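Below: the structure, in structure tokens.
Since the structure is predicted, the reported quantities are computational estimates derived from the model, not experimental observations.
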Amino acid sequence: MTQQPRPLTQADIDREIAEESAAYAKRIADGEPVAHHPDRGYAPYRSSVLRHPKRPLVAVKGDPELIELHTPVFGETDVSPFDADLTRQHLGEPLGERITVSGRLLDRHGRPIRGQLIEIWQANASGRYAHQRDDHDAPLDPNFSGVGRVLTDDQGGYKFTTIKPGAYPWRNHLNAWRPAHIHFSLFGDAFTQRLVTQMYFPNDPLFAYDPIFQSVIDPSAKGRLIATYHHDDSVPEFSLGYRWDIVLDGPGATPFEAEDADDEEQNK
């Protein structure tokens with residue numbers, strides 16, 4: 001009879017996270033540059049290790065317009081004001097804590113980038129996505145789809161009105177839970193490819209236990225994934241305000257995921 005492998009525990013993951021952090025600290029001490037982005041083969045993040053590509057990327061050569069056949073098409077006429085307000089997309093009010101998330105899209109010199117498409121997707125207040133592959137038994141909210149989009153304005157600004165997402169289990173290991181977060185996708189004429197990242201909320205107790213958050217090892221880069229509470233952005237009698245700027249590159253760049261990385265919820 002074949003013996004089943006012992007399920008990984010949080011203690012196993014904690015030990016691997018510590019080993020990755022120690023190895024990173026040694027590389028920095030040896031003179032390697034700071035790593036702003038996560039390694040797609042980050043061992044504690046099991047599903048990423050299993051599915052990341054084993055072959056080099058294939059460059060698109062020849063006609064430069066060819067890439068447009070494989071990328072989303074958008075314009076100002078395709079984005080309505082209601083797309084940025086996730087609390088008004090259905091007839092009823094969604095359940096949960098209403099929040100306003102705003103910020104600016106900037107280049108490495110702090111200059112605003114206008115007219116770019118920012119899309120978000122997230123779980124509802126109970127920690128469940130409105131997605132056919134999400135089988136978490138937390139309740140769905142019929143008044144919350146969890147998706148939105150907006151074009152940045154002349155100052156590079158964006159703003160979403162939504163619900164604070166809940167934590168959820170994701171089966172990377174025994175008793176694995178994801179911190180509350182919102183997925184962000186950037187697309188437009190300022191990028192050569194779609195960029196994907198995640199925004200977290202301050203003081204989440206799950207940060208230390210989550211291998212996805214911890215896959216951004218450098219402390220300063222990790223801190224740039226966390227929004228700040230901004231009281232002036234809170235709407236009286238309605239929502240709490242969070243601010244999160246997105247920087248494309250340079251020393252203050254926001255960490256982005258590898259283009260091939262799927263969302264972790266697809267592996268739940």
Side-chain angles (χ1 to χ4, degrees), residues 38 40 44-48 50-52 72 79-80 82-101 117-150 158-187 194-201 204-207 209-216 225-227 239-240 242 244 246 254-268:
R40 65 179 60 174
Y45 181 3
R46 283 297 189 277
S47 52
S48 177
L50 292 174
R51 70 172 184 267
H52 78 72
V79 181
S80 79
F82 289 101
D83 292 338
D85 189 342
L86 283 68
T87 68
R88 300 174 63 190
Q89 296 174 346
H90 297 271
L91 292 178
E93 283 275 340
L95 298 174
E97 176 187 332
R98 288 175 295 209
I99 60 173
T100 301
V101 179
L117 181 66
I118 297 182
E119 297 174 301
I120 63 171
W121 66 97
Q122 63 168 95
N124 65 21
S126 299
R128 183 168 178 180
Y129 289 91
H131 190 285
Q132 60 182 354
R133 295 181 64 179
D134 190 340
D135 59 0
H136 181 25
D137 62 1
L140 286 169
D141 187 339
N143 294 313
F144 189 73
S145 299
V147 296
R149 60 181 180 171
V150 69
Y158 73 86
K159 183 168 72 174
F160 290 101
T161 302
T162 184
I163 298 295
K164 187 175 183 180
Y168 58 79
W170 64 294
R171 300 173 184 168
N172 182 71
H173 54 277
L174 187 64
N175 205 20
W177 288 82
R178 296 254 32 233
H181 61 280
I182 297 176
H183 298 268
F184 276 69
S185 165
L186 313 178
F187 185 76
R194 180 175 180 241
L195 301 175
V196 176
T197 186
Q198 299 180 21
M199 186 206 86
Y200 295 85
F201 294 86
D204 194 313
L206 293 173
F207 283 157
Y209 306 100
D210 179 41
I212 295 180
F213 180 76
Q214 295 295 334
S215 68
V216 179
L225 291 172
I226 305 172
S239 67
L240 296 180
Y242 291 90
W244 191 56
I246 305 170
T254 301
F256 292 102
E257 301 169 10
E259 187 182 27
D260 55 276
D262 292 330
D263 303 322
E264 70 281 0
E265 60 268 26
Q266 294 183 6
N267 292 280
K268 293 171 63 177

Please lay out, stage by stage, how Lys164 and Tyr242 fare under the test side-chain contact (heavy atoms from CB on, under 4.5 Å).
-> CA-CA 10 Å; Lys164 187 175 183 180; Tyr242 291 90; 4.1 Å; yes
Between Ile212 and Trp170, does a side-chain contact (heavy atoms from CB on, under 4.5 Å) hold up when you go through it step by step?
-> CA-CA 11 Å; Ile212 295 180; Trp170 64 294; 3.7 Å; yes
Let me see the working for Phe213 and Ile226 under side-chain contact (heavy atoms from CB on, under 4.5 Å), right down to the final yes or no.
-> CA-CA 10 Å; Phe213 180 76; Ile226 305 172; 3.9 Å; yes
Begin from the C-alpha positions of Trp121 and Ile182 and carry the test side-chain contact (heavy atoms from CB on, under 4.5 Å) through to its verdict.
-> CA-CA 6 Å; Trp121 66 97; Ile182 297 176; over 6 Å; no
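Side-chain contact between Leu186 and Arg194: absent, with no pair of heavy atoms (C-beta onward) separated by less than 4.5 Å. Residues Val216 and Leu225 have side chains in contact (heavy-atom distance under 4.5 Å, counting atoms from C-beta outward). Looking at heavy atoms from C-beta onward, Arg128 lies out of side-chain contact with Pro139 at the 4.5 angstrom threshold. Looking at heavy atoms from C-beta onward, Arg149 lies in side-chain contact with Leu117 at the 4.5 angstrom threshold. Leu86 has its side chain within reach of Phe144: a pair of non-hydrogen atoms, C-beta onward, lies under 4.5 Å apart. Contact annotation: the side chain of Pro169 approaches that of His136 to within less than 4.5 Å [non-hydrogen atoms, C-beta and beyond]. Side-chain contact between Asn124 and Pro165 is absent, with no heavy-atom pair separated by less than 4.5 Å. In this structure, the side chains of Ser185 and Leu195 stay at 4.5 Å or more apart for every pair of heavy atoms.
What you find for Ala130 and Ser145 is that their closest heavy atoms are CB-O, 3.8 Å. Shown here for Ile163 and Ala125, the closest heavy-atom pair between the two residues is CG2-CB, 3.9 Å.
In this structure, His181 and Tyr129 have tilted ring planes: the angle between them lies in the 30° to 60° band.
Remark: side-chain polar atoms of Asn172 are paired, donor with acceptor, to backbone N or O of Pro44 under 3.5 angstrom.
Using modelled atom types and a 3.5 Å distance limit, the side chains of His173 and Tyr209 yield no donor-acceptor pair. Arg178 and Tyr200 share a side-chain donor-acceptor pair at under 3.5 Å.
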Show me the donor-acceptor pairs within less than 3.5 Å that the side chains of residues 92-100 make with the rest of the protein, sequence neighbours left out.
{"residue": "Arg98", "atom": "NE", "partner": "Phe238", "partner atom": "O", "Å": "3.2"}
{"residue": "Thr100", "atom": "OG1", "partner": "Ser239", "partner atom": "OG", "Å": "2.7"}

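Remark: aromatic rings of Phe184 and Trp244 are close, center separation under 6.0 Å. Aromatic rings of Phe207 and Phe201 (six-membered ring for Trp) have centroids beyond the 6.0 Å cut-off, not under it.
Using a 4.0 Å cut-off between charged side-chain N and carboxylate O, Asp85 and Lys159 make no salt bridge.
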